[in-house]
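Proteins get letters first, then strands, A, B, ... in listed order; numbering begins at 1 in each.
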Amino acid sequence: MPELPEVETIKNDLAQAILNKKIVSVKVNKKNILRKSVRYFKNKLIGNKFIKINRRGKLMYFSLRKDDLFLLAHLKMTGQFIYCNKDKFIVGGHANSKKEEEQILHGQVADFCQVGKYTRVIFEFSDKSKLFFNDLRLFAYLDLVNKKSLDEILDKFGIEPLTANFKFKDFFNILQNRKTSIKAVLLNQQLIADIGNIYADETLFMAGILPNRPANKVSSKEARKLFLAIEGILKKAIKYRGTTFSDYVDSKGKKGSFVKLLKVYGRQGQKCLKCKNIIEKTKTANRGTHFCSSCQK
DNA sequence: CTTCTTGTTACTGA
DNA sequence: ATCAGTAACAAGAA
């Protein structure tokens with residue numbers, strides 16, 4: 001489940017790998033992963049180059065040199081970008097065997113850099129390197145839009161953590177104006193971008209706030225703790241190249257290591273690392289929610 | 001067989 | 001008009 005740290009990791013890796021390389025072919029194995037026609041994608045992409053990659057929330061957008069166009073990529077839950085250079089193949093995505101899974105896990109050079117069962121789109125560059133866009137559930141998408149459409153899409157996102165726009169005053173103001181659960185507010189991309197189910201639970205644990213607390217009942221002091229937890233945890237998770245739970249791998253096919261640092265997510269039934277209470281799991285905001293009822297109030 | 005998984009959005013009702 | 005809550009989406013795991 002890629003959230004900010006995972007998308008940021010992929011974006012940075014890809015920027016080092018594919019920028020300013022001529023796109024020589026685009027192969028589409030599943031056309032409904034595209035929000036425009038296959039013909040339009042091929043037409044606009046082949047012969048073009050990606051010159052910059054940005055991220056807003058969990059959405060990546062690639063600037064193209066020609067035509068004032070942008071490639072949008074959303075990974076949703078199970079999307080992956082896997083980059084393979086000409087000789088050393090680093091394969092990610094959905095392993096087709098136990099052996100492949102081991103190779104991916106250990107980041108080994110694999111001998112099976114090929115189209116997998118869930119590979120939906122393959123970009124090939126002039127240096128013979130390839131970029132695979134994989135997705136198991138077909139929720140992920142690629143789109144090709146102009147500047148105007150891009151701006152309309154970007155405008156819908158809420159405040160962006162880890163930027164100068166992420167100010168406590170605005171953050172607290174959002175919380176005070178919402179009666180719904182604090183977790184629902186954290187997950188709402190139009191209010192605060194980037195946070196998904198894993199980091200919502202982790203930041204709430206660090207701040208000592210129960211996920212089902214009404215947002216407008218969170219005190220200024222608690223909100224400040226949460227604000228700092230969001231910055232701290234997201235930054236740290238980027239350092240660890242993200243969290244892998246089920247499908248996430250970076251563009252080199254490697255899993256993120258932040259999973260070792262998770263305090264509550266996926267730890268239901270286990271002892272709280274702070275107080276030894278048992279971590280509970282319930283549903284808040286329609287999502288699996290993990291918390292310690294002793295550390296969080 | 002049923003239930004659960006998640007990011008996002010469509011829909012419903014207040 | 002705005003907000004809140006739920007279901008739906010896909011496809012697999014348990």
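- Per the geometry, NZ belonging to A/K281 stands 13 Å off P belonging to C/dA14, to the nearest Å.
- In this structure, a donor-acceptor pair under 3.5 Å is present between the side chains of A/N197 and A/K183.
- Using a 4.0 Å cut-off between charged side-chain N and carboxylate O, A/E222 and A/K225 make no salt bridge.
- As a whole-Å value, the separation of A/K183 NZ from C/dA4 P is 17 Å.
- The six-membered or imidazole ring of A/F62 lies away from that of A/F70, with a centre-to-centre distance of 6.0 Å or more.
- Phosphate contact (OP1/OP2 of C/dG5, side-chain N/O of A/T180, threshold under 4.0 Å): present.
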Please walk me through it: do A/E152 and A/K148 pass salt bridge (Lys or Arg N to Asp or Glu O under 4.0 Å)? CA-CA 6 Å; A/E152 282 168 11; A/K148 187 167 170 280; 3.5 Å; yes

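- Contact check, A/R178 against C/dA4: a side-chain N or O comes under 4.0 Å of OP1 or OP2.
- The side-chain tip of A/R55 does not point at the ring of A/Y61 from less than 6.0 angstrom away and within 45° of straight on.
- Judged purely by distance below 3.5 Å, without hydrogens or angles, the side chains of A/N212 and A/S181 never pair a donor atom with an acceptor atom.
- The interatomic distance linking A/L191 (CG) with C/dC3 (P) rounds to 8 Å, in whole Å.
- Rounded to an integer number of Å, the gap from A/Y118 OH to C/dA13 P is 7 Å.
- Within 4.0 Å of A/K30, counting heavy atoms only, lies no atom of the nucleic acid at all.
- B/dT5 atom C1' lies 13 Å from atom CG of A/D201, rounded to whole Å.
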Dot-bracket for DNA chain B, please, read 5' to 3', with Watson-Crick or G-U wobble pairs under 3.5 Å on both distances, ( ) within the strand, [ ] crossing, | other strand, . unpaired. .|||||||||||||

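- Using modelled atom types and a 3.5 Å distance limit, the side chains of A/E6 and A/Y199 yield a donor-acceptor pair.
- Between A/N177 atom CG and C/dC3 atom C1' there is a gap of 11 Å when expressed in whole angstrom units.
- Nearest-nucleotide mapping onto DNA chain C: of A/L138 and A/S181, the residue sitting toward the 5' end is A/S181.
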Encode nucleotides 7-14 of chain B as B, S and - characters from 5' to 3', where the letter depends on protein heavy atoms closer than 4.0 Å: B to the base, S only to sugar-phosphate, - to neither. BB------

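- Under the 6.0 Å distance and 45° angle rule, A/K27 does not count as a cation-pi partner of A/F132.
- Under a 4.0 Å N-O distance rule, the pair A/D201/A/K263 does not qualify as a salt bridge.
- Within the nucleic acid shown, A/K283 comes within 4.0 Å of sugar-phosphate atoms alone, with no base atom in reach, counting heavy atoms only.
- Between A/N286 atom CG and C/dC9 atom P the separation is 15 Å, expressed in whole Å.
- Atom pair A/L136:CG and C/dG12:P shows a separation of 6 Å (rounding to whole Å applied).
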